[in-house]
Amino acid sequence: MAKPQRDLTTGPIGKTLLLFALPTLGSSVLQSINGSINAIWIGQLLGERALAATTNAGLVMFLLVSAVFGFGMASTILIGQAMGRRDIDAVRRVVGTAHGLFAILSIGVVALGWWSAPAILTALHTPADAYPLALAYLRVIFIAMPTSFLAVLLSMVLRGAGDSVTPLKFMALGSVIDVALNPLLIRGWGPLPELGIAGSATATFIANTVSFAALLGYVYRRDLVVRLRGAEWRYLIPDPTLLRPIVSKGVPMGLQMLVATGSALAMVGLVNGYGTTTTAAYGAASQLWTYIQMPAMSVGAAVSAMVAQNIGAGRWERVALITRSGLLLNLVMTAALIGVVALLDRAVLGLFLGSDAASIDLAAHINIIGSASFLLFGVSMVLSATVRANGAVVAPLLILAVALFPIRLGMAYALQGDWAADAIWWSFPAGSAASMVMTILYYRYGDWRSGRLIPARQGEEQAKAATEPTAKQMPVG
């Protein structure tokens, strides 16, 4: 008989949470660095028009990823609960249904994206000189979507099962390949053709494909719990019983990303009204915020996985302790990062703004006001992760929508006459404070503790599933 699966329902909560969250944080940092380096390659080798083209294409890709991201999150919650109650067959049924769904969506995205790419770029008002480059880049990226979607899903599935180390390893592999191939395929080298901007997209396609294939091979070589064998391959045909919670819970979670994107676009529109210097300063401060918010995102993901497994195991007494540890860990990590950024902000902002003292001063001012909002944002992230782990996804969506639109944007619009651009910067902590208060109230008094996403299996079949030899332990990290 195989050793019992390692899970997130036993052991010291704080240490387990930290060891699980750090690799997730590392994955986020790697992804951001990868994107930044590729942008540097494109800007240096192909110029401003190419960089503008990838910016427009990147917005399209973000919207597409947002549309399917929620389905992956819903799948990881289902997997976490099934892992918590040792229902290995349920884990594999969810893995199969999720991958079958993503495969269908990916094929649809390729077909629709290739055909509609010109219309999408036109709707985004892509500058005429950047349009041909954006079209060439976007069409290759659409072709790369199937392996990209499946790689992201498999990484999320592994985290839901308690393994955040393996996804980090293979994301690092993909990032190294992507960064190395970008200049070679953009300019051409030896037998490699000169592909221009399409070379950058091709590098991403190759990196994603190799990373996904290597990760899949690792899963089967180590015989990890999320693999499918023999008769289990039929699980790739989406099961309507599982599709229902994946879609019904996934759509609101995907909408949260779209709501955040819509708010960000509206905020940029306000900032643009104050001129180029303000826009540049805001853009530089936003680059710093990308990293400041990473601890909250990573700790939230770790809390969601741990809470889902403990709910599945019926260990509700640990749920509040996990949430409390997540809040404390997030506050410590985020506060430390805010402090470091505040000390080094002018030096770092100079990397984006050059020697323009006025822009650097304004960006530092924006950062001091806005960065504090991420302490409050982190509280909302952790509490929302806890309630979502039991399938409560509509309330966090509504809270986010209220905090970002009537409160944050409402304040930014209403106070401009008195505070000018400062109304925009102060709207960030105001919106985050409102979100935090509403989320605390829902966590304390909401009905998120009731309900079950998928029923537990009964009798001999459940016992067989729980004790089936799945060989290797899942690493917890």
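Between Tyr282 and Trp289, the two ring planes are perpendicular [angle over 60°; tilted spans 30° to 60°].
Annotation: side chain of Ile143 is in contact with side chain of Trp114 (closest heavy-atom distance under 4.5 Å). Contact of the Lys169 side chain with the Val165 side chain is registered, since non-hydrogen atoms from C-beta on lie closer than 4.5 Å. For the pair Phe71/Leu153, no side-chain contact is recorded, criterion being any heavy-atom separation below 4.5 Å from C-beta on. Within the 4.5 Å cutoff, the side chain of Ser371 has no heavy atoms near those of the Leu288 side chain. Looking at Phe170 and Leu154, their side chains never come closer than 4.5 Å, going by heavy atoms from C-beta outward. No side-chain heavy atom of Tyr274 sits under 4.5 Å from any side-chain heavy atom of Thr279. Between Ser427 and Gln416 there is no side-chain heavy-atom pair separated by less than 4.5 Å. Between Tyr235 and Asp239 the shortest side-chain heavy-atom distance does not fall below 4.5 Å.
Evaluated for a side-chain contact (heavy atoms from CB on, under 4.5 Å) with Val157, the options Val94, Val225, Val226 yield exactly one hit, Val226.
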Q: Given side chain to side chain contact (heavy atoms under 4.5 Å, CB included), test Trp41 with Leu46 step by step and report yes or no.
A: CA-CA 8 Å; Trp41 281 130; Leu46 297 174; over 6 Å; no

Q.
Evaluate Tyr291 against Ile33 for side chain to side chain contact (heavy atoms under 4.5 Å, CB included), listing each step before the verdict.
A. CA-CA 10 Å; Tyr291 293 92; Ile33 292 174; 4.2 Å; yes

Q: Would you please test Thr439 and Val379 for side chain to side chain contact (heavy atoms under 4.5 Å, CB included) and show each step?
A: CA-CA 8 Å; Thr439 306; Val379 174; over 6 Å; no

Q.
Let's go through Val299 and Met333 carefully: what are the C-alpha distance in whole Å and the side-chain angles of both, what is the deciding distance for side chain to side chain contact (heavy atoms under 4.5 Å, CB included) to 0.1 Å, and is it a yes or a no?
A. CA-CA 10 Å; Val299 173; Met333 293 173 67; 4.2 Å; yes

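In this structure, the side chain of Ser384 engages the main chain of Ser380 through a donor-acceptor pair within 3.5 Å. In terms of modelled atom types and a separation under 3.5 Å, the side chain of His99 and the main chain of Val95 share a donor-acceptor contact. The main-chain N or O of Asp178 is found under 3.5 Å from a side-chain atom of Asn182 such that the two form a donor-acceptor pair. A donor-acceptor pair under 3.5 Å links the side-chain atoms of Arg229 to the main chain of Tyr220, judged by distance alone. Between the side chain of Ser200 and the backbone N or O of Gly196, no donor-acceptor pair lies under 3.5 Å. A side-chain donor-acceptor contact under 3.5 Å links Thr122 to the backbone of Pro118. Looking only at distances, a side-chain donor or acceptor of Ser298 sits under 3.5 Å from a matching main-chain atom of Leu25. Checking side-chain atoms of Arg187 against main-chain N and O of Glu194 turns up no donor-acceptor pair under 3.5 Å. Not a single donor-acceptor pair under 3.5 Å links the side chain of Ser435 to the backbone N or O of Gly431. A donor-acceptor contact shorter than 3.5 Å links the side chain of Ser373 to the backbone of Gly370.
Between Arg159 and Asp163, none of the side-chain N atoms (NZ, or NE/NH1/NH2) sits under 4.0 Å from a carboxylate O, so this pair counts as no salt bridge. A salt bridge is absent between Arg93 and Glu232; no separation between the charged side-chain nitrogens and carboxylate oxygens falls under 4.0 Å.
Atom CE of Met257 has more than 12 heavy atoms from other residues, nucleotides or ligands within 6.0 Å.
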